[in-house]
Structure formats: structure tokens, C-alpha cells
Amino acid sequence: MLAGYSSALWQVWPLIRHKGMKVEFAPLNIPLARRLQTTAVFQWVFSFLLLAQCCIGIFICLVLARVWLLLALYVLWLYLDWETPQAGGRRWEWVRNWPVWKYFKDYFPIRLVKTCDLDPQHNYIMGFHPHGVLVAGAFGNFCTNYTGFKELFPGLTPYLHILPFWFRCPFFREYIMSVGLVSASKKSVNHVLSKEDGGNVSIIVTGGAEESLDAHPGSVTLNILKRKGFIKVALKRGAHLVPVFSFGENELFQQVSNPKGSLLRCVQERLQRIMGLAMPLFHARGIFQYSFGLMPYRMPIHTVVGRPIPVKETSHPTQEEIESLHQQYLGALQELFEEHKERYGIPEHKSLIFI
């Protein structure tokens, strides 16, 4: 994966030289708070891109060092704990309250916007749109306690679902579970929504990794027309559907041009089908300069939570019922976008594109 991101920088650098672009360095007299914000986001980007590989490397080093007792204990722990990511995870409020997340939130900044109350006697599926490159808005709002989710939606507990692959990485799995991340498997979603007295929220980034390949600034393209699994689960569990749109999510990075049909896009899509992971070649700014790097731009993110769509529990939903609810969801998502787009800098003539 690192090779892919390195190649992105190598593709960007000739463009910088060709255009005669000067490297704009950050001034020395930046306030301490902003430096802490940059540090907080740097550790998050590092965790997203490289921490899993580092944890695997540590595990291999332990094997080579023949620390057999420690390895045996951890392998036993993995065996006993293997299903936890599919059984609600193991969040640790202390980690979610780390001060580093406040600085992370303030870097962009990230803001959670409520449009109406959500009754904690129900379970919900929140469809999060768009994926963006690194899903910063979803992490900041639902994996930390600094954007006010508890205060805005009292009685509700958010669970952000990610690819099951990440929970197979030793040590790394413990860290990501501590902030409230859980597996995106069907079993995991069903477990979260099985709470009889309500109060659980499954947050599903419905566009998936594939949608990140369309995460260009100004893009409002959502990969959702064929994504109906979450609709079926909502019907089977009677979980109310809530559209969520994160304005600014696609503005955080530039991405190497990859239009449909291009060689780069074909390679990316093939790798995504093989590995389950998309590899957008993105770039933005650096730590000490503003011209290029893998740090996101300081662009505001406004994550707007829409009105719930009531769903009646149906043990065996028909295809017609799934299609009908899917269309209702698309309509609600489009309405949410249209209602708020001008407030958050989207031109009036732009509308969502569903693919």
C-alpha cells in the first residue's frame, strides 16, 4: 500500500516542477494549538496508512526473537477474542476521550449537525456519504467524543463498521476496537441491531472503498445504486434508516486523475476486486509546507444527520420491498443534500449523482 502512495507523490512532483510551483513553507510563528492540531492529524494519517503494517512487523520481530511465551499468550488471546469485532467490539471510553482527538477535530474543523431528534427506543442504520479518501468525518464524529454525538443524540451508541480485514492484524485490532470500530460483516451489523430495547446505531459507509476512487474535490458522485444489503438488513431488523451527508469530505485531498476507462482506474478497480482495498493515489499538503504531501487540507467538514425513515420489521422481505425502501432512502438522501448544499458551499446547480 505504501508503494502506491509513494508513487502518487512521484506523479505529483513532476507537475510541481513543470508548473514552476514554489514550495510554500509553513511560517515559524504558528500558534501552538495549530501545531498540536497538525500533530494529531499526522498520527491519525499514520495510523490509517501504516500502523497496521507496523503492528504486523512487531509481531514478526517477536517471532524472530523467539519470545515464545508472549507469543503463545497473545495467540491464545486472539483465538478466544476472534469474534469480538463481530459482537459489538470492545470500546474504551478513555481512548475515545484522548485530548488528541479534540485537536484532530479542530484541525479541519469537524462539526456534527443534527436536523431532528432520534428516539433511543429504536435501533438505526446511518448511511454515511460520501466515503472520501480517508473517511475523516465518520471517524471524528463517531469514534471520538469531541463533536457532541452523546449530547445531540442522548441514549444512542454509535458503531462505525469497517472492513473485516483490519481486525486480522495483530495488536492493531485492539487499538481500532478501542475507539468503537467494528466489523462490517453481516453478522456484526445484525449483532449491533439486535438490541431489543433500542439505542444502537450502525454507521455504514455504503459507498465502500470503491467510492474513494471518485473522491475528487467538487465530486458529488455516490456509489449506491447497487448497494442494497443495508436496506435488507434494515427490513429484517426493523432498524430505522437515517441518511447522513458529510459536506467537505471530498475536499480534503487532491487525487491523481483517474477517469472511468483510464489505465490507472482499471488497475485500481482490479486491485480493489482482488484485495478488497481501494488505492486512490492522493496528495494534499505536508507537515511543514503546504505544497504537497499526504496530510489533508484544512477544510471544514459538516456532517449532517438527516431525518429517520421508519422501517417496519419484515422477517422475509421481498425484492419489491427492498427496491421500494431503497428508492425511498435515495429520495431522502437527495432531499438532505439539496436542503443543505448552499449553506456548505455547494453550487446551486450541483446535484447528487448516483451510480
Looking at the rings of [X] and [Y], which for Trp means the six-membered one, are their centres under 6.0 Å apart?
X	Y	value
Tyr103	Trp44	no
Tyr297	Tyr290	no
Phe48	Phe46	no
Phe171	Tyr74	yes
Tyr124	His240	yes

Give a yes or no on whether [X] and [Y] share a hydrophobic cluster (residues Ile, Leu, Val, Met, Phe, Trp, Tyr; joining criterion: side-chain heavy atoms under 4.5 Å apart).
X	Y	answer
Ile203	Leu241	no
Val113	Leu160	no
Met126	Val189	no
Leu163	Val192	no

task = Can you run down the side chain to side chain donor-acceptor pair (under 3.5 Å) pairs that involve residues 344-353, sequence neighbours left out, and say none if there aren't any?
result =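 For residues 344-353: Glu338-Ser351.
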ask   = Atom NE2 of His326 and atom NZ of Lys226: how far apart are they, to the nearest 0.5 Å?
value =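 Here the rounded value is 11.5 Å.
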Residue that, paired with Asn145, satisfies side-chain contact (heavy atoms from CB on, under 4.5 Å) out of Lys102, Lys105, Glu93, Glu151 =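 Of the listed options, the one satisfying the test is Glu93.
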request  = Check the pair Phe292 / His283 against ring-ring contact (aromatic ring centres under 6.0 Å, His included), numbers first and verdict last.
outcome  = CA-CA 6 Å; Phe292 60 93; His283 57 94; 9.2 Å; no
Enclosure of [X] [atom1] (heavy-atom neighbours >12, cutoff 6.0 Å):
X	atom1	value
Lys114	NZ	yes
Phe42	CZ	no
Phe153	CZ	yes
Lys228	NZ	yes

Answer yes when [X] and [Y] have at least one side-chain N-carboxylate O distance shorter than 4.0 Å, and no when they do not.
X	Y	value
Glu269	Lys260	yes
Arg34	Asp106	no
Lys312	Glu321	no
Arg285	Glu24	no

Please give me the minimum heavy-atom distance between [X] and [Y], naming the atom from each residue.
X	Y	answer
Tyr329	Pro243	OH-CA, 3.6 Å
Asn29	Arg35	N-NH2, 4.4 Å
Leu252	Ala284	O-CB, 3.7 Å
Arg96	Cys143	NH1-CA, 3.4 Å
Asn97	Tyr146	O-OH, 2.6 Å

Check against ring-ring contact (aromatic ring centres under 6.0 Å, His included), Phe139 and Phe104 = CA-CA 10 Å; Phe139 182 90; Phe104 171 82; 5.8 Å; yes
key: For Glu210, the option from Arg227, Arg265, Arg270 that meets salt bridge (charged side-chain N to carboxylate O under 4.0 Å, His left out)   =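 With Glu210 as partner, salt bridge (charged side-chain N to carboxylate O under 4.0 Å, His left out) holds for just one option, Arg227.
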task = Please work out whether the ring planes of Trp98 and Trp94 are parallel, tilted or perpendicular, with thresholds of 30° and 60°.
result =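 Trp98 vs Trp94 ring planes: perpendicular.
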request  = Just jot down the salt bridge (Lys or Arg N to Asp or Glu O under 4.0 Å) partners of Lys195, sequence neighbours excluded, or say none.
outcome  =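 Here no residue qualifies.
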task = Report yes or no: is the cationic atom of Arg91 (NZ for Lys, CZ for Arg) under 6.0 Å from the centre of the six-membered ring of Tyr159, at an angle within 45° of the ring normal?
result =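 Because its charged atom sits under 6.0 Å from the ring centre and within 45° of the axis, Arg91 does stack over Tyr159.
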